[in-house]
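The structure under discussion appears below in the form of structure tokens.
Just so it is clear, the values below take in all heavy atoms, side chains as well, and ignore hydrogens, waters and symmetry mates. Each chain gets a letter, A, B and so on, in the order the sequences are listed, and its residues count up from 1.
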Number of protein chains: 2
Amino acid sequence: MTTRAPASALCGIWPALLTPLTASLAIDHARLAAHCRSLLAAGCGGVTPFGTTGEGPSFSLAERRRAVDALVARGVPPARILVSVSCAALPETLALTRHALAIGAHGCLMMPPFFLKSVSDQGIIDAYRYVIDGASDARLKLYLYHIPQVSGVPLSQAVVATLSRLYPRTIVGIKDSGCVRDDSLALAAAFMPALAVYVGNEPDLPELGRRGSTGAVSGLANFIPRLVHRLVMAPDAPGTAGDLERVKALLAWLGGYSLTPALKGIMAALTGERGWLRVRPPLVALTEQQFAALERELCAFAIDPMTD
Amino acid sequence: MTTRAPASALCGIWPALLTPLTASLAIDHARLAAHCRSLLAAGCGGVTPFGTTGEGPSFSLAERRRAVDALVARGVPPARILVSVSCAALPETLALTRHALAIGAHGCLMMPPFFLKSVSDQGIIDAYRYVIDGASDARLKLYLYHIPQVSGVPLSQAVVATLSRLYPRTIVGIKDSGCVRDDSLALAAAFMPALAVYVGNEPDLPELGRRGSTGAVSGLANFIPRLVHRLVMAPDAPGTAGDLERVKALLAWLGGYSLTPALKGIMAALTGERGWLRVRPPLVALTEQQFAALERELCAFAIDPMTD
């Protein structure tokens with residue numbers, strides 16, 4: 001697994017980290033750091049804490065800051081951390097952004113404030129301006145985050161265009177987790193290479209890779225980082241068609257589960273660490289019985305921790 | 001305007017407060033307290049800061065705590081404050097709940113965590129348990145808050161039934177802002193009088209009043225508290241049919257606007273204080289031109305600040 005040298009935007013795989021919890025449902029700093037180190041050792045470009053897959057908005061501002069500090073204290077290089085800073089309240093997003101800058105993180109991933117719905121493009125632009133102008137730091141690299149099926153607040157192309165015109169050096173990329181391939185391709189056509197476009201939906205990675213996308217912030221990369229890397233970085237290599245079929249089968253199977261609890265179940269199965277099963281409400285952890293079934297079914301996918 | 005003595009749940013009108021802002025988009029504590037005092041003087045039972053109309057989740061934990069403290073410091077009796085404690089992150093909801101208890105607030109209004117969607121009933125129940133068990137205080141009065149068109153996370157009757165069985169002394173009421181009359185009537189039939197049911201949709205207040213609802217947490221009550229009071233407390237009084245038609249006409253007109261900016265525009269028009277126009281992103285304030293139009297159109301409703 002190789003990584004290309006990032007110019008300004010990230011290259012390679014930056015997994016959307018699952019967040020391991022202690023028995024009291026606090027963040028398990030030691031396990032999270034070990035997970036990051038193992039992903040970096042597997043060739044990942046960096047890691048992305050507190051995205052959607054990582055239950056990010058389920059954690060308080062204080063918990064999120066402390067957890068990022070704990071990663072750095074436990075040896076994860078800050079330049080290899082992309083901090084997901086999305087909150088309902090902009091002062092908290094701004095505080096997380098300032099904190100990311102203070103520790104020297106690679107950058108920040110931000111979706112629009114997600115409580116109020118049917119907001120206008122102008123309101124979304126104002127929200128990003130609040131954070132970018134508030135941080136007022138030339139080092140800030142911001143990635144726009146589009147995941148309307150969860151946030152309820154889509155990012156239009158007009159918003160992306162306006163923000164990248166207003167802040168050409170700050171806005172470096174877009175993470176499109178909308179899972180609508182035509183939208184992703186249209187984004188890529190409209191904005192690459194001025195902006196980097198990354199897709200969250202792993203089956204779309206080869207096509208995006210062919211069009212110049214050079215990385216991914218991916219949930220599946222928590223446990224198959226090399227495979228996800230091949231999908232986007234080597235879309236036409238001999239083995240990639242097979243990798244693509246494996247990922248599609250995996251996602252079809254996961255569709256029968258609530259995603260984050262199932263991904264944590266896979267981590268528990270692959271590592272033997274049952275603590276991975278814990279989730280914070282409003283998610284519900286797999287029961288013993290569900291976990292046993294998942295562990296059995298997982299065998300069919302023959303995940304190889306050395307090559308996948 | 002009279003208020004009945006509340007047994008455990010609130011009685012009368014507790015407006016869903018609009019949140020006035022300073023030029024830097026911080027909460028204007030002085031104006032908010034003055035607004036509360038004026039509503040209490042108009043006969044409101046209490047006030048409800050930080051609901052949906054009040055852009056509650058747009059403010060940080062720290063801002064929300066400070067603003068509630070500032071209300072008390074400026075003479076608003078804590079027992080007449082119902083604190084909306086809803087956040088995406090449960091530790092922040094718990095912190096707001098503990099703070100409300102510490103200052104002696106009447107109670108707390110809580111919607112489920114609103115970032116993740118398609119969560120299960122069990123996950124929602126677990127979320128409420130996290131807060132109620134975490135607070136662990138016999139004085140806590142909690143109101144469940146159903147507003148799925150904004151939160152994206154509906155409360156089912158099964159959730160309400162389970163929570164009120166688990167915590168019969170803590171869960172005292174439900175605020176139903178779903179704006180589906182049949183749902184509100186079904187909730188009332190299923191749970192009153194064990195739980196108090198309040199509807200957010202003002203045109204449904206008379207029918208709920210006839211079925212025993214004794215109050216409202218209402219957005220329109222920011223500027224027509226007496227009229228809203230009559231709708232629910234005197235649904236069959238001679239003037240109420242006329243009041244109901246006026247409220248329906250007002251809402252039909254407001255349907256052409258983004259609600260909170262328009263309600264703030266009405267406050268600005270009625271008080272002459274232009275500062276009321278400010279909103280926090282992702283909302284967008286009325287432009288000068290829009291405000292001028294709103295002010296003109298508002299005249300048609302002949303709002304009387306002494307009797308409405």
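Annotation: residues 151-162 of chain A contacts chain B through Ser151(A) [non-hydrogen atoms, separation under 4.5 Å].
Contact count against chain B (heavy-atom pairs under 4.5 Å) is highest for Pro57(A) among Ala88(A), Gly56(A), Pro57(A), Ala127(A). Interface remark: of the candidates Val119(A), Val150(A), Asp126(A), Val150(A) forms the most heavy-atom pairs closer than 4.5 Å to chain B. Of the listed residues (Pro113(A), Ser258(A), Ala285(A), Ser118(A)), the one with the most heavy-atom contacts under 4.5 Å to chain B is Pro113(A). Chain A forms the most heavy-atom pairs under 4.5 Å with one residue out of Glu55(B), Gln122(B), Lys117(B), and that residue is Lys117(B).
Atom CG of Leu94(B) sits about 10.5 Å away from atom OG of Ser60(A), to the nearest 0.5 Å. Between the CG atom of Leu90(A) and the CD atom of Glu63(B) there is a distance of 9.5 Å, given to the nearest 0.5 Å.
Contacts of Arg129(B) with chain A are absent, with no heavy-atom separation under 4.5 Å from either backbone or side chain. Contacts of Pro112(B) with chain A are absent, with no heavy-atom separation under 4.5 Å from either backbone or side chain. For Thr52(A), the parts lying under 4.5 angstrom from a heavy atom of chain B are both the backbone and the side chain. Heavy-atom distances place both the backbone and the side chain of Phe115(B) under 4.5 Å from chain A.
Closest of all the heavy-atom pairs between Leu61(A) and Glu92(B) is N-OE2, 3.0 Å. Here the closest non-hydrogen pair linking Pro91(B) and Ser58(A) is CD-O, 3.9 Å.
Counting heavy atoms from C-beta outward, Leu283(A) and Leu116(B) have side chains that approach closer than 4.5 Å.
The salt bridge (charged side-chain N to carboxylate O under 4.0 Å, His left out) check on Asp121(B) picks up nothing, with sequence neighbours excluded.
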